[in-house]
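So you know, we letter chains A, B, ... as the sequences are listed, proteins then strands, and number each from 1. Quick caveat: nothing in here was measured; it's all calculated off a predicted structure.
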Amino acid sequence: MSVLSQLNPRQKEAVKHIDGPLLVLAGAGSGKTSVITRKIAYLIQSCGYSARHIAAVTFTNKAAKEMKERVGQLLQGDQSRGLIVSTFHNLGLNIIRKELKTAGYKSGFSIFDGTDSRALLKEILHKNDLDDDQLDLIQQQVSQFKNDLKTPSDALSMAQSEGEQRIAIIYEHYQKYLKAYNAVDFDDLILVPTLLFRQHPEVLEKWRNRIRYLLVDEYQDTNGCQYELVKLLVGKFGRFTVVGDDDQSIYAWRGARPENLVQLNEDYPNLQVVKLEQNYRSTGLILKAANQVIANNDHIYEKALWSDMGFGDPIRVIKCKTEEVEAERIATEIIDQKLKSNAQFLDFAVLFRGNHQARLIEMKLQQFQIPYKLSGSTSFFSRNEIKDIMSYLKLIMNPDDDTAFLRIINVPRRQLGAQTLEKLAGYAQERGVNLLGACAEMGLETLMPPQAVDKLRRFHHWIEGLTRRCAEEDPIATIKEMINDLDYEAWLHQNSNTPSQAERRMKNVWYLVDSIEKMINQAEEKGDELSFDDAVARLVLRDLLERQAEEEELDQVQLMTLHASKGLEFPHVYIMGLEEDLLPHRNSIDADTIEEERRLMYVGITRAKRHLTLTLAGKRRQYGEDQETSPSRFIEELPQDDLQYEGFGQASVEQQKERGSAAIAGLKNMMNI
DNA sequence: TGACGCTGAGTTTTT
DNA sequence: CTCAGCGTCA
């Protein structure tokens, strides 16, 4: 059976266009993953491409994983050998790995996550006697510089004001420290390969020869640097397919540039554009609602989603007295719906704008004993125990990582005081060595008491031993032994509020170790080789296998932010808090970024397959006092004829019965417009 | 080093 | 209101 057989004409067109650059505008639920995966299969089976010359790039590990699975179903055995399906960051990481010397890094380099970067920036600010009250802004700026391919000297020469100059200088320091620590941050994973390709044509040539066809998913989410990397890789022939949807661009606030969709037209005049407009997910009314809301935004490429799945049930808009009633209503609705539609809990999703909104609904779900899963809560990696162990791993692989050194030198307690460490740091700087290395130097005796020197030496010796054993013997066994040696469990018990908390945290630690072990074993089974530091790097990139898979199996109501819902679908969707200042959010109204809020609404609506319910509260407790709310403007933008209003005042019963044009007038009346 | 109290913020966060 | 983060004090 051909890989083309189950595709609609537009999808086929997208798959078969292989000679030049292709942009696929894929509306929500239009089968874009099918197009990408089938195109990969098509390139291999019908166009003579070898799998190892194809790369598909996504933004999330989850998407990459799904894509790998689906490609695997289309190809037999070794047909997919060498195929690259990875996130942008993982691809960047691999490029840096392979071009380590040219890129100017030493092996075992560390990857700083957002928290690490933040901490480093903070330290730099403090060292320069600057306030850290604008830390977030500065971090954002630095990230922006990198996304725009600006080096510190670029930033410095472009600075228009003293403030900008100051940020540029901080950026310069920041880069210097990263380099000294033999570390890269998340942005560098894209930036470093991009600059490398620019500066070393021979390296670029090598990679162009390796990746001869490139596919990019969620293209509207690329930033400037990512686009540049794509452009460099595909060269002037433009053998690529990018898939995106400007209406689902909800990460502009984080540097994503949906304009990149337009830019393609200019950069590749022979760009072919294919629109996927048939939606296979939602009923007609849901789709109509989505279309009508998003029609209020400006569009470069017009697009009209349609569905042949029938009209379906009307969309309900329920106004509740308070946020508490709203949460309770959703909980009871779910129980009700579940019985009526014979659905499972996992068929329901409750979506909201801000994480804090989860609290109330969580409470109510607990009250009604409804199982739920809250996604996006405190990340596994922000847990202290994980950061501790990760720091040990980082230091073992990268002696230059002073940040890791400082994090763990006293965890657990090694009786090394602030004074000793300060002296050590001063000495290290003087001698131009890293902190770990400084521990072994002879000059220490003149600076500090012999007990302190002894402790530092022992630590150094111990880490060195671990490094050696990780390289020469079994790294997993070494790490397990290390954790026991540390008596980390005792430390956790000492530093936890309850024994059960300590146990939970220890379980996290073992989970981390197991993940690394599994990752290595899994790679081995597939015949790949995954070194220990590869595995650790992938952990930093949040490529944690199995974890989600296990949890998704459970029959739980899905609770998440609208942002987190992108790419998912559910038979029954509740979007709560449809109020001005919440959705759209106050800050977005002020910042005049309503269009992005509208896209967020659009994403939310298009998650629903069959039932969509929008709720709002008449009163909401904000900063300690009850505030009257007004319904979101997005409600007015919906097709009023298809809505079933409830709770909008005394006329609501009539309204429900005689839906139609009167509803608009009725609603507006009620809202005093 | 830990506990306590003050202050200020309070969207979204794929990697 | 509620919680994190910080500084102070014992």
Asker: Rounding to a whole Å, what distance do you find between A:Glu218:CD and B:dT13:C1'?
Answerer: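 For the pair A:Glu218 CD and B:dT13 C1', the rounded distance is 15 Å.
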Asker: Return yes if the base of B:dT15 and the side-chain atoms of A:Arg542 contain a donor-acceptor N/O pair under 3.5 Å, otherwise no.
Answerer: no
Asker: What pair of heavy atoms forms the shortest contact from A:Asn398 to A:Gly108, and how long is it?
Answerer: CB-O, 2.9 Å
Asker: Check the orientation of A:Tyr227 and A:Tyr219. Use parallel for under 30°, tilted for 30 to 60°, and perpendicular for over 60°.
Answerer: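 Judged by the thresholds at 30° and 60°, the geometry between A:Tyr227 and A:Tyr219 is perpendicular.
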Asker: Does the plane of the ring in A:His89 sit parallel, tilted or perpendicular to the ring in A:Phe186? Use 30° and 60° as the thresholds.
Answerer: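 Judged by the thresholds at 30° and 60°, the geometry between A:His89 and A:Phe186 is perpendicular.
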Asker: Mind calculating the distance between CZ (A:Arg599) and C1' (B:dT11) to the nearest angstrom?
Answerer: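 A:Arg599 atom CZ is separated from B:dT11 atom C1' by 15 Å.
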Asker: Have a look at A:Arg359 and say if it touches a base, only the backbone sugar-phosphate, or nothing, with a 4.0 Å heavy-atom cut-off.
Answerer: sugar-phosphate
Asker: To the nearest angstrom, how far is A:Glu323 atom CD from C:dT2 atom P?
Answerer: 11 Å
Asker: When you measure from the side-chain N and O atoms of A:Thr561 to the phosphate of B:dT11, is any distance below 4.0 Å, counting only OP1 and OP2?
Answerer: no
Asker: Please give the distance between the P atoms of C:dT2 and B:dT13 as a whole number of Å.
Answerer: 22 Å
Asker: Within the structure shown, what part of the strands sits under 4.0 Å from A:Arg413 by heavy-atom distance: base, sugar-phosphate, or nothing?
Answerer: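 Sugar-phosphate contact only.
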Asker: Using atom C1' of each nucleotide, how far apart are B:dT11 and C:dC6 to the nearest Å?
Answerer: 24 Å
Asker: Please check: side-chain N/O of A:Arg607 versus main-chain N/O of A:Val603, any donor-acceptor pairing under 3.5 Å?
Answerer: yes
Asker: Check whether any side-chain N or O of A:Arg118 sits under 4.0 Å from OP1 or OP2 of C:dG5, and answer yes or no.
Answerer: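 A:Arg118 to C:dG5 OP1/OP2: no side-chain N or O under 4.0 Å.
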Asker: Can you tell me the distance, in whole Å, between the CD atom of A:Gln357 and the C1' atom of B:dG10?
Answerer: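 It is 13 Å, rounded to the nearest whole Å.
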Asker: Given B:dT15, is OP1 or OP2 found less than 4.0 Å from the side-chain N or O atoms of A:Asn61?
Answerer: yes
Asker: Taking the inter-plane angle between the rings of A:Phe459 and A:Phe405 on a 0 to 90° scale, is it parallel (under 30°), tilted (30 to 60°) or perpendicular (over 60°)?
Answerer: perpendicular
Asker: What's A:Glu597 touching, base or sugar-phosphate or nothing? Going by heavy atoms closer than 4.0 Å.
Answerer: base
Asker: Can you check salt bridge (charged side-chain N to carboxylate O under 4.0 Å, His left out) on A:Arg620 and A:Glu326, steps first, answer last?
Answerer: CA-CA 10 Å; A:Arg620 190 171 287 278; A:Glu326 181 190 28; 3.1 Å; yes
Asker: In whole angstroms, how far is the P atom of C:dT2 from the CG atom of A:Leu360?
Answerer: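 One finds 11 Å between P of C:dT2 and CG of A:Leu360, rounded.
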Asker: Expressed in angstrom and rounded to an integer, what is the separation of A:Leu374 atom CG from B:dT12 atom P?
Answerer: 12 Å
Asker: Taking atom C1' of C:dG5 as reference, at what distance in whole Å does atom NE2 of A:His126 sit?
Answerer: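 From A:His126 NE2 to C:dG5 C1': 12 Å.
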Asker: Applying a 4.0 Å non-hydrogen cut-off, can you work out what A:Ser588 is touching in the nucleic acid: base, sugar-phosphate, or nothing?
Answerer: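 Base, at least one base atom sits under 4.0 Å.
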Asker: Which comes earlier along DNA chain B counting from the 5' end, the contact point of A:His585 or that of A:Gly114, where each point is its nearest nucleotide?
Answerer: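 Between the two, 5'-proximity favours A:His585.
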Asker: Can you tell me if the side-chain N/O atoms of A:Asn355 get under 4.0 Å from OP1 or OP2 in B:dT11?
Answerer: no
Asker: Nearest whole Å is fine: how far is B:dT11 P from A:Asp590 CG?
Answerer: 12 Å
Asker: Nearest of C:dT2, B:dT13, B:dT11 to any side-chain atom of A:His563?
Answerer: B:dT13
Asker: Is there a stack between A:Phe88 and B:dT15, judged by ring centres under 5.5 Å and planes under 30°?
Answerer: no
